[in-house]
2 protein chains.
Amino acid sequence: MAGRNLVGPEADALELGVVLRALADEHRRSVMTELAADRTDSERGCNSFALPISKQTQTHHFRVLREAGLITEIDYGNRKGIRLRRTDVESRFPGLLALLEAEHRNSTAPR
Amino acid sequence: MAGRNLVGPEADALELGVVLRALADEHRRSVMTELAADRTDSERGCNSFALPISKQTQTHHFRVLREAGLITEIDYGNRKGIRLRRTDVESRFPGLLALLEAEHRNSTAPR
DNA sequence: CCTCAGGTACGTATTGCATCGTACCTGAGG
DNA sequence: CCTCAGGTACGATGCAATACGTACCTGAGG
């Protein structure tokens, strides 16, 4: 029941280059804009993002986001949880999540 | 003497994906952090960035930045000027330049 | 006109990255 | 124990991006 926490780098070790490369991909960015827009920061399942890619590729993308320090993955063995590292990201790169949140509004409410 | 202005997309047509892909590259990001940190927004020469790459590759990178809408290139024929589109970028992606400016401080004053 | 420095155009090698196929692991529930 | 869904590991592949060589253009200044 209690899952193992898979964490990335420490909060102050986040690198802008790694973060921007992570956000450069459409699928990863769509995950991040969705997370940034949800102020409750609740734990999400991996399938709740409806990514149009295979599960192997999803594994890859979530790993990239985790290693960039943007999310935490909680391993339950046969299932996995995703959580945004909001305070860490916000303290290291203030304003970044606001940009992603604005982008989420753009993509969900085209006009 | 008067150079032709090579512009990219309109201010409200900037796309986050294109911008982030442009900023994902180390060399292009170093150019942008330097531009963001210079509040005078003066016109810069292409060689004033001391990029450790060939001039053909520099042409490529500046083109990417221009097509992303981040800079304007001024063509003098046998020389070229670079200028940050600060107000356009700031109005479309508020806070982005502040992130780059902070990164510039990090890279120039390690500790 | 000639030279030179700065830039571009085109082709190409190489690298990086996203994607998926196959095989295997894990825990829940029959 | 068996099955099944969710997830990972490893390898292969295809494509886009970076990088540079060669050739050519442009304007300034002899």
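So you know, we letter chains A, B, ... as the sequences are listed, proteins then strands, and number each from 1.
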_Do the side chains of A:Arg21 and B:Glu26 get close enough for a salt bridge, i.e. N-O under 4.0 angstrom?_
yes
_Electrostatic pair B:Arg29-B:Glu103, nearest N-O below 4.0 angstrom_ =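 So B:Arg29 does not pair with B:Glu103 through a salt bridge.
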*asked:* Quick check: is B:Val31 connected to B:Val64 through a chain of hydrophobic side chains (ILVMFWY, heavy atoms under 4.5 Å apart)?
replied: no
From [options], nucleotide with atom closest to [X] side chain:
X: B:Thr59; options: D:dT18, C:dG7, C:dT19; value: C:dG7
X: B:Ser54; options: C:dG7, C:dC17, D:dC20; value: D:dC20
X: B:Gln56; options: C:dA9, D:dT8, D:dG7; value: C:dA9

Measure the distance from [atom1] on [X] to [atom2] on [N] and round it to the nearest whole Å.
X: B:Lys55; N: D:dG21; atom1: NZ; atom2: P; value: 11 Å
X: A:Phe62; N: D:dG6; atom1: CZ; atom2: C1'; value: 12 Å
X: A:Leu51; N: C:dT19; atom1: CG; atom2: C1'; value: 13 Å
X: B:Arg4; N: C:dG7; atom1: CZ; atom2: P; value: 17 Å
X: B:Arg21; N: D:dT18; atom1: CZ; atom2: P; value: 11 Å
X: A:His60; N: C:dT22; atom1: NE2; atom2: C1'; value: 18 Å
X: A:Arg29; N: C:dA18; atom1: CZ; atom2: C1'; value: 15 Å
X: A:Arg79; N: C:dG29; atom1: CZ; atom2: P; value: 9 Å

*Across the strands shown, which category fits B:His61 at heavy-atom distances under 4.0 angstrom: base, sugar-phosphate, nothing?*
sugar-phosphate
*When we call it a touch if two heavy atoms are under 4.0 Å apart, what does B:Asp75 touch: a base, just sugar-phosphate, or nothing?*
nothing
_Quick check on A:Glu43: does its CD atom have over 12 non-hydrogen neighbours (other residues, nucleotides or ligands) under 6.0 Å away?_
yes
*May I ask you to check whether over 12 heavy atoms, not counting those of A:Arg79, lie within 6.0 Å of atom CZ?*
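Open: at most 12 neighbouring heavy atoms sit under 6.0 Å from CZ of A:Arg79.
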_D:dC20 pairs with, by Watson-Crick or G-U criteria that keep both distances under 3.5 Å_ = C:dG11
_G-U wobble or Watson-Crick pairing nucleotide for D:dC2 (cut-off 3.5 Å, both distances)_ =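 Across all strands, the one nucleotide that pairs with D:dC2 is C:dG29.
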Does [X] place a side-chain N or O at less than 4.0 Å from the phosphate oxygens OP1/OP2 of [N]?
X: B:His27; N: D:dA19; answer: yes
X: B:Arg28; N: D:dT18; answer: yes
X: A:Thr57; N: C:dC20; answer: yes

_B:Gly77 vs A:Ile53, nearer the 5' end of DNA chain C by closest nucleotide_ =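 This one resolves to B:Gly77.
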*On DNA chain D, check which nucleotide each of A:Arg63 and A:Asn78 is closest to and give me the residue with the more 5' one.*
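In this pair, the answer is A:Asn78.
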_Least distance between heavy atoms, B:Arg92 atom then B:Asp12 atom_ =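 Closest approach of B:Arg92 to B:Asp12: NE-O, 3.9 Å.
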*asked:* Would the base of C:dT8 count as contacting B:Gln58 through its side chain, where contact means a donor and an acceptor less than 3.5 Å apart?
replied: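 No such pair is found, so the answer is no.
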